[in-house]
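Down below is the structure, laid out as structure tokens.
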Amino acid sequence: MMKTDPSVLSKPANQMIEWLSSYGQTERNGVTRLLYDEKWQEAQQALKKEIEAIGLASYFDDAGNLYGRLEGSEKASPVILTGSHIDTVMDGGKYDGAYGVVAGVVALDYLSRKYGQPKQTIEVVSLCEEEGSRFPLTYWGSGTITGLRTQEQVGKVEDNLGIPFIRAMNEAGFGLGRFLEAKRNDINCFIELHIEQGEILERENKTIGVVSHIVGQRRYNVTVSGESNHAGTTPMPYRKDAVHTAAVLIQALMEQAKETDPTLVATVGRMEIKPNIPNVIARQAVFSIDIRHSEEALLEGFSVKVFEAFKQICQKHQTELHIENWMNEQPVKMCEKLSALSTAILEKEEVPYKVMTSGAGHDSQVFGQYIPACLLFVPSHRGISHSPDEYTKEEDLEKGIQLLIKILYELAY
């Protein structure tokens with residue numbers, strides 16, 4: 001296997017991440033870069049110039065995904081793709097997504113200068129969108145490349161200011177047929193390097209996380225309907241209290257989650273109460289449920305069991321129950337061969353690593369439904385993400401890039 005010399009990396013990753021974060025930097029030193037907005041456009045154009053400056057060919061597709069291409073000698077061979085997303089959440093961190101893009105640029109720069117032309121073409125992609133922060137749609141970048149997302153699906157989509165998706169895309173210069181079609185059929189595999197966004201690697205003193213599965217997600221809105229009445233004159237046995245019922249339901253959910261499996265997680269993050277008056281018994285409580293696990297069968301079995309218990313609880317409390325399932329993403333398994341290649345390199349280099357699941361969604365799960373995909377993590381300090389306090393040490397950033405370089409070398413040279 002090849003050896004990498006960190007001293008020949010032309011630009012340290014942390015410096016490039018700081019540079020990229022200047023496009024959309026907030027008062028709290030976070031980043032706001034939303035799909036097709038001004039700062040997003042500036043960042044993509046700046047990246048395009050950076051890619052061209054290191055001698056790579058660069059181009060946009062019609063969705064706004066940006067590519068840097070290191071042409072291989074075997075022209076007919078499929079493309080090895082690496083990268084991540086350029087967009088952020090509101091006032092988010094500078095590492096989420098951006099690290100994977102920067103890592104790909106640095107890796108291709110290193111490989112082209114040290115080893116010249118590869119056999120197979122390698123491309124780095126700055127995916128136009130993943131977060132769903134501006135429009136109620138996620139994975140637009142990877143989705144358009146794989147064919148999961150189409151313009152027909154966003155015809156009626158608007159942001160919270162009422163700006164139509166298509167209009168925003170067109171005003172940024174995309175969706176007009178000026179660039180190559182986004183959908184591709186020439187990609188051999190996708191490798192994504194990302195910050196963990198959790199604290200497992202840091203707590204266990206591991207340098208790299210090799211992801212075996214990206215968890216499935218089920219999201220629900222639960223509505224409990226009761227009866228409003230006077231808080232002082234209605235005896236406890238006569239009440240149809242929606243909030244009390246909701247509290248019992250949430251408690252049952254959490255207890256069942258803890259008993260089911262150590263890696264299953266359930267979250268209630270939002271609640272709305274009506275009429276929301278201090279001296280009135282609530283007639284309605286609406287709350288969200290987010291359930292995640294790496295096995296579809298366990299997700300299904302847990303959901304069935306919990307909601308059967310919900311029905312019995314509501315009957316006991318004389319309240320009505322309505323459950324809306326608005327997201328049902330199945331778990332996605334990462335490519336075993338790419339994971340094995342990663343772990344073989346790490347073991348040879350004696351780099352401490354952990355095989356783990358990802359509790360957050362990533363572009364790898366979209367690519368992984370169509371082509372071999374590999375997701376690799378570097379530690380996140382204190383597990384903080386989607387925040388200006390997001391941070392990964394420089395040495396961890398560099399270790400991740402050195403692994404990426406070695407993987408790409410093994411695959412392409």
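Note that the coordinates shown come from a computational prediction; the quantities given were computed from them, not determined experimentally.
Looking at Glu71 and Arg69, a side-chain N of the basic residue comes within less than 4.0 Å of a carboxylate O on the acidic one, giving a salt bridge. With respect to the salt-bridge test (charged N to carboxylate O, under 4.0 angstrom), the residues Glu42 and Lys39 qualify. Under 4.0 Å is where a charged nitrogen must lie from a carboxylate oxygen, and between Glu52 and Lys48 at least one such pair does. Ion pairing between Arg33 and Asp37 fails under the 4.0 Å rule for side-chain N and carboxylate O. Salt bridge status for Glu272 with Arg270: present, with a side-chain N to carboxylate O gap under 4.0 Å. A salt bridge between Arg382 and Glu202 is absent, with no side-chain N of the basic residue lying under 4.0 Å from a carboxylate O of the acidic one. Using a 4.0 Å cut-off between a side-chain N of Lys or Arg and a carboxylate O of Asp or Glu, Glu204 and Lys354 qualify as a salt bridge. A salt bridge links Glu336 and Lys333; the closest N-O separation between the charged side-chain nitrogens and carboxylate oxygens is under 4.0 Å. Salt bridge status for Arg178 with Asp62: absent, with no side-chain N to carboxylate O gap under 4.0 Å.
Between the side chains of Thr26 and Asp91, a donor-acceptor pair is found at a separation under 3.5 Å. Defined by atom type and a distance below 3.5 Å, a donor-acceptor pair is missing between the side-chain atoms of Ser73 and Gln117. In this model, no donor atom of one side chain and acceptor atom of the other lie less than 3.5 Å apart for Asp241 and His317. Between the side chains of His194 and Asp96, at least one donor N or O sits under 3.5 Å from an acceptor N or O. Side chain to side chain, Thr138 and Glu131 fail the donor-acceptor criterion of an N or O pair below 3.5 Å. Side chains of Gln402 and Glu398: a donor-acceptor N/O pair is absent below 3.5 angstrom, by distance only. In the model, His322 has no side-chain atom that pairs as donor or acceptor with a side-chain atom of Ser225 under 3.5 Å. Counting only N and O atoms by type, the side chains of Gln256 and Thr260 include a donor and acceptor under 3.5 Å apart. Side-chain atoms of Glu390 and Gln197 include no donor-acceptor pair closer than 3.5 Å.
A ring-centre distance under 6.0 Å is not found for Phe179 and Tyr59. In this structure, the ring of Phe367 has its center no less than 6.0 angstrom from the ring center of His362. Between Phe307 and Tyr220, the ring center distance clears the sub-6.0 Å criterion. Aromatic rings from Tyr95 and Tyr99 are positioned such that their centres are separated by 6.0 Å or more.
What you find for Val101 and Ser84 is that their closest heavy atoms are CG2-O, 3.4 Å. Across all non-hydrogen atoms, the minimal contact from Leu108 to Val124 is CD2-N, 3.9 Å. Counting all heavy atoms, side chain and backbone alike, Ala103 lies closest to Ile401 at CB-CG1, 3.7 Å. The nearest pair of heavy atoms linking Ile163 to Ala168 is CG2-CB, 4.3 Å.
With sequence neighbours left out, Tyr391 forms a ring pair (Phe, Tyr, Trp, His ring centres under 6.0 Å) with no residue at all. Taking Phe165 as the reference, Tyr36, Phe135, Trp140 meet the ring pair (Phe, Tyr, Trp, His ring centres under 6.0 Å) condition, with sequence neighbours excluded.
Side chains of Thr357 and Ile214 form no contact here, defined as non-hydrogen atoms less than 4.5 Å apart. The side-chain heavy atoms of Met16 and Val102, taken from C-beta on, include a pair separated by under 4.5 Å.
A salt bridge (Lys or Arg N to Asp or Glu O under 4.0 Å) check over residues 275-291, counting only residues at least two apart or in different chains, returns the pairs Arg219-Asp290, Asp290-Arg292. Note on residues 181-197: pairs passing salt bridge (Lys or Arg N to Asp or Glu O under 4.0 Å), not counting sequence neighbours, are Glu123-Arg184, Arg184-Asp186. Residue pairs meeting the salt bridge (Lys or Arg N to Asp or Glu O under 4.0 Å) criterion with at least one member in residues 72-87: none, sequence neighbours excluded. Residue pairs meeting the salt bridge (Lys or Arg N to Asp or Glu O under 4.0 Å) criterion with at least one partner in residues 164-175, sequence neighbours excluded, are Arg167-Glu171.
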Going through the checks in order, is the salt bridge (charged side-chain N to carboxylate O under 4.0 Å, His left out) test met by Arg218 and Glu296? CA-CA 10 Å; Arg218 295 194 177 196; Glu296 177 66 19; 2.7 Å; yes
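Shown here is Glu320, whose CD atom has no more than 12 heavy atoms of other residues, nucleotides or ligands within 6.0 Å. More than 12 non-hydrogen atoms from other residues, nucleotides or ligands lie less than 6.0 angstrom from NZ of Lys206. Heavy atoms from other residues, nucleotides or ligands lying under 6.0 Å from CD of Glu27 number 12 at most. Atom CE of Met327 sits in a crowded spot, with more than 12 heavy atoms from other residues, nucleotides or ligands closer than 6.0 Å.
A distance-only check finds no donor-acceptor pair linking the side chain of Glu350 to the backbone of Leu346 [under 3.5 Å].
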